Trainee: 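Input: one structure, supplied below.
Predicted, not measured: the structure shown is a model, and the values here were computed from it.
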2 protein chains.
Amino acid sequence: MTLPTRPNTEVTTAAHDRVYRALRTRIMHGEVAPGEALTLRGIGRDFGVSMTPAREAVRRLVAEGALFLSSSGRVSTPELSNERIEELAALRALIEVELASRALPRAHMALIDRLQTINSNVAEMVAKRDAVGYIRTNLEFHRTLYLRAQAPAMLAMAETVWLQLGPTMRALYGRLRRTEPPQDHRLIIAALKAGDEPSLRLAVRSDVTKGLRLLAG
Amino acid sequence: MTLPTRPNTEVTTAAHDRVYRALRTRIMHGEVAPGEALTLRGIGRDFGVSMTPAREAVRRLVAEGALFLSSSGRVSTPELSNERIEELAALRALIEVELASRALPRAHMALIDRLQTINSNVAEMVAKRDAVGYIRTNLEFHRTLYLRAQAPAMLAMAETVWLQLGPTMRALYGRLRRTEPPQDHRLIIAALKAGDEPSLRLAVRSDVTKGLRLLAG
DNA sequence: TGGCTCTGCATGTGATCACAAATCGCCAGT
DNA sequence: ACTGGCGATTTGTGATCACATGCAGAGCCA
């Protein structure tokens, strides 16, 4: 580019990729509200780039279902219907149960230790009522487990679902008024220790679909 | 645009969307070989647009896993490893079994008739050894059934998997030297008629994972 | 003859511009 | 005070340009 904003002392990743990654994590972690509008020039201003990289990042996120593109081309984070949330939760259950099942035979003690450490962080976020922190550490817990499945295509699919649920997860967990740490995570860890696949599948399914119960309210 | 190549007598869809759709169906139907390289200027030339819409279409397809982006930015259709193919087939099984199961209670006679008609087209393509035609009609068969599930998010996910498998499906079915019509499709139709959900799940799973057997060769 | 380098072409990236359309706000009329 | 219309501004879209980089083929040397 003509104006290098940062010295080239480190590996320079493409501008559109930097914008994409930043927006992606912000959306996945629930840092943006559902229905929030975005503009290409605004994104470009925020990241110090022109419209072109902003457009590419937005297009990519739209393709992944993380952003909604109105008929006039305006982009905003989607407001999901209850039916769509149910579908996405069902997809989480299908894919993540399979990922956990594939990770089980490879789950050694070091992994279980790391999961327990992450889970204590999750509990801490719940106690602090930090919705964004809770979502972030909770996803870290799941991703750490699923990475052991050695199934990158499935993991990518699961992350796409997380991405689509991001903005509403924030609203969902913000409505959630509990302070108890996640019980299902303990069941997951216990099943991993015991090598008990049926219990693991049940625990993951329960953990993943639990947030759905508050839709009736 | 400054140069309207077509008169505006019909509804004009955005140029990048037209390019995207055209490339997408070509990839999904297996009309491009795995590893085939694409250039932005070449795509622009083919569709009579500049690089900008071509770039957006390509970015979108990369995001969906339909195209592979090398580290230097070159795009090509991906050459899938056997492990990745196995993953994608497992995803197809998971998602499509669920879709079929959800479609079952809504499957009336009119739908079953349409499925039988499409299936005869599939058989015709098999007899003619038309790989592209086979893939196209086969996907039409599945999509017609899954549309009844009223689960757009799941269907989109399934189509994304089809898209990723597109280029290799062509190679796979090209290697397939059979002339018998798809037996599993008949089982699917029979299960739909009988309202037999377990049989339906089995038949869909079998149909979807069948192409995998020839990977050992 | 084989391997290496160097140069020129092809290609992706990002910025900028012109244009169309949509959106928002203001003002007049009732 | 409310509503409808109109204009200014915002916004997305596509084209084009400058630039850096990667790739390949030609030419050179051992």
Trainee: For A/I43 and C/dA15, what is the distance between atoms CD1 and P respectively, to the nearest whole Å?
Mentor: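 Whole-Å distance recorded here is 14 Å.
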
Trainee: Is there a side-chain contact between A/S50 and the phosphate of C/dA15, meaning an N or O under 4.0 Å from OP1 or OP2?
Mentor: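 Yes, because at least one side-chain N or O of A/S50 sits under 4.0 Å from OP1 or OP2 of C/dA15.
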
Trainee: Quick check: closest heavy atoms across A/Q164 and A/T168, and the distance to 0.1 Å?
Mentor: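 Where A/Q164 meets A/T168 most closely, the heavy atoms are O-OG1, 4.4 Å.
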
Trainee: Go through it in stages, so that I can follow the logic: the residues are A/E31 and A/R170, the test is salt bridge (Lys or Arg N to Asp or Glu O under 4.0 Å), and I'd like the CA-CA distance, side-chain angles, deciding distance and then a yes or no.
Mentor: CA-CA 7 Å; A/E31 296 175 30; A/R170 162 67 172 277; over 6 Å; no

Trainee: Could you give the side-chain donor-acceptor pairs of residues 139-151 of chain B under 3.5 Å, partners two or more places apart or in another chain?
Mentor:
| residue | atom | partner | partner atom | Å |
| --- | --- | --- | --- | --- |
| B/H142 | ND1 | B/E96 | OE1 | 3.4 |
| B/H142 | ND1 | B/Y146 | OH | 2.8 |
| B/H142 | NE2 | B/D207 | OD2 | 2.8 |
| B/R143 | NH1 | B/E159 | OE2 | 2.6 |
| B/T144 | OG1 | B/E140 | O | 2.7 |
| B/Y146 | OH | B/E96 | OE1 | 2.6 |

Trainee: Would you check if there is a donor-acceptor pair between the side chains of B/R59 and A/H16 at a distance under 3.5 Å?
Mentor: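 There is such a pair between these side chains.
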
Trainee: Rounding to a whole Å, what distance do you find between B/E56:CD and C/dG14:P?
Mentor: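 Taking CD of B/E56 and P of C/dG14, I get 13 Å after rounding.
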
Trainee: Verify the neighbour count for atom CZ of A/R102: are there more than 12 heavy atoms of other residues, nucleotides or ligands below 6.0 Å?
Mentor: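 Above 12, so yes.
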
Trainee: Distances for protein N/O vs nucleotides 7-12 of chain C N/O pairs under 3.5 angstrom?
Mentor:
| residue | atom | partner | partner atom | Å |
| --- | --- | --- | --- | --- |
| C/dG12 | OP2 | B/L40 | N | 3.0 |
| C/dG12 | N7 | B/R41 | NH1 | 2.9 |
| C/dG12 | O6 | B/R41 | NH2 | 3.3 |

